[in-house]
Amino acid sequence: MRKKFGQNFLINRTVRSKLVDVLGAGKGDTVWEIGPGLGAMTRELLDRGVVVRAFEIDPGFIRVLRELFGGEAGFSLVEGDVLKTWREAGEGDYLLGNLPYNIGAVFLANLIEEGRLFRRMVVTVQKEVARRAAALPGSADYSSFSLLCASAYRVSPLMTIRGTSFYPAPHVDSQGLYFERKAGSPAYPAVFYPLIRALFASRRKMIKNKLHHFIASRSRGGEDAGALTGEILKTCGLGGDERAEVLDLKTFGDLAKTLEDRLQ
Ligand code: SAM
């Protein structure tokens with residue numbers, strides 16, 4: 001077992017089955033399984049006729065997985081760090097994973113930002129990451145990560161999973177998270193993602209200051225950043241004194257769209 005790979009095995013069989021049930025993948029669907037470890041979830045998936053593309057980094061587990069599932073037609077393994085390998089791994093309909101604590105949020109953010117979206121995802125993450133993923137405007141956990149998740153998915157918390165459901169037991173509780181892709185969600189301009197990060201960078205600052213700074217850092221000269229900031233805020237119906245933590249997804253989408261149009 002290697003601590004650096006965040007290896008805590010979900011030994012509670014009932015929870016494992018529940019997570020696979022909620023994912024709802026059926027015969028012939030392709031599921032990306034992140035960090036299969038010794039393959040307990042993999043077995044559940046293959047038994048349901050699902051095509052599994054598993055991503056594993058640990059050479060010892062890779063050997064075991066090949067021995068256990070190498071002969072099964074529905075199984076393939078992508079070896080190495082999933083943060084690097086996923087881009088070349090083809091398509092998937094669903095994603096499932098008891099995500100290693102050190103890469104969970106970054107991995108989800110990369111997938112969404114780079115447009116690799118799934119019909120549904122069911123993941124287990126640290127409770128704190130789950131709270132941020134599902135947070136609504138005005139709450140303490142609302143962040144650029146909440147917006148990123150909401151830009152593509154409806155996110156709902158599933159069950160809390162106590163440390164004792166894992167081996168070895170981590171110090172913190174985990175939580176299941178359910179992501180359902182939003183139908184017909186608007187495509188956000190490329191500037192949306194750096195913009196939400198910039199506007200949340202220092203939570204207590206007013207939006208006009210952060211937007212001004214963002215525009216000044218991106219303008220190719222010629223524009224008056226102050227005037228442009230005022231104009232964009234007005235177009236989006238904002239006074240400028242608001243803080244990012246109270247603004248909803250639609251407002252951030254409008255800001256990004258207006259900014260993109262004006263900076264072209
Ligand atoms: N799926 C198993 C379970 O639920 O019991 C194991 C989950 S364990 C929390 C995380 C798994 O992800 C381990 O198998 C670990 O080796 C693997 N892992 C950690 N970092 C990884 C990475 N960057 N890329 C791919 N797999 C990784």
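Just follow the structure's listing: the first ligand is 1, and inside any ligand the first atom is 1.
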**OP:** Might you work through the side chain to side chain contact (heavy atoms under 4.5 Å, CB included) test for V129 and L99, ending with a clear yes or no?
**Re:** CA-CA 11 Å; V129 174; L99 299 180; over 6 Å; no
Original post:
Between R66 and E79, is the closest basic N to carboxylate O distance under 4.0 Å?
Top reply: yes
Subject >> Pair E128 + R132: basic N to acidic O under 4.0 Å >> reply: yes
Subject >> Summary of ring-ring contact (aromatic ring centres under 6.0 Å, His included) pairs that have at least one residue in residues 11-42, sequence neighbours excluded >> reply: W32-F55, W32-F118
Which atoms of ligand 1 sit under 4.0 Å from any heavy atom of [X]?
| X | value |
| --- | --- |
| F55 | 25 (C), 26 (N) |
| L10 | 3 (C), 4 (O), 5 (O) |
| N8 | 7 (C), 8 (S), 9 (C) |
| G37 | 14 (O) |
| V82 | 22 (C), 23 (N), 24 (N), 25 (C) |

Ligand 1 versus [X]: contacting region, heavy-atom distance under 4.0 Å:
| X | answer |
| --- | --- |
| F9 | both |
| F61 | side chain |
| I103 | side chain |

**OP:** Check whether any N or O atom of D81, backbone or side chain, sits under 3.5 Å from an N or O atom of ligand 1, and answer yes or no.
**Re:** yes
Subject >> R16 vs R43, side chain to side chain contact (heavy atoms under 4.5 Å, CB included): CA-CA, chis, key distance, verdict >> reply: CA-CA 11 Å; R16 283 205 306 262; R43 184 71 273 158; over 6 Å; no
Name the option, out of [options], that contains the heavy atom nearest to [atom].
| atom | options | result |
| --- | --- | --- |
| atom 20 (N) of ligand 1 | G39, P100, A40, G104 | P100 |
| atom 21 (C) of ligand 1 | N12, I62, I57 | I57 |
| atom 14 (O) of ligand 1 | R16, Q7, E56, M41 | E56 |
| atom 7 (C) of ligand 1 | N98, D58, T85 | N98 |
| atom 25 (C) of ligand 1 | A54, G80, G35 | G80 |

**OP:** Treat each ILVMFWY residue as a node, draw an edge where side-chain heavy atoms are under 4.5 Å apart, and state whether V106 and I196 are in one component.
**Re:** yes
**OP:** Just grab all the salt bridge (Lys or Arg N to Asp or Glu O under 4.0 Å) pairs involving residues 255-264, residues at least two apart or on different chains.
**Re:** E231-R262, K257-D261
Original post:
Can you check salt bridge (Lys or Arg N to Asp or Glu O under 4.0 Å) on R181 and D93, steps first, answer last?
Top reply: CA-CA 11 Å; R181 188 166 173 186; D93 308 304; over 6 Å; no
Original post:
Does one side chain, of T160 or K127, offer a donor that lies under 3.5 Å from an acceptor on the other?
Top reply: yes
Subject >> P36 to ligand 1, any heavy atom closer than 4.0 Å >> reply: yes
Original post:
Taking it one step at a time, do S17 and E44 satisfy side-chain hydrogen bond (donor to acceptor under 3.5 Å, both in side chains)?
Top reply: CA-CA 7 Å; S17 298; E44 292 250 359; 2.8 Å; yes
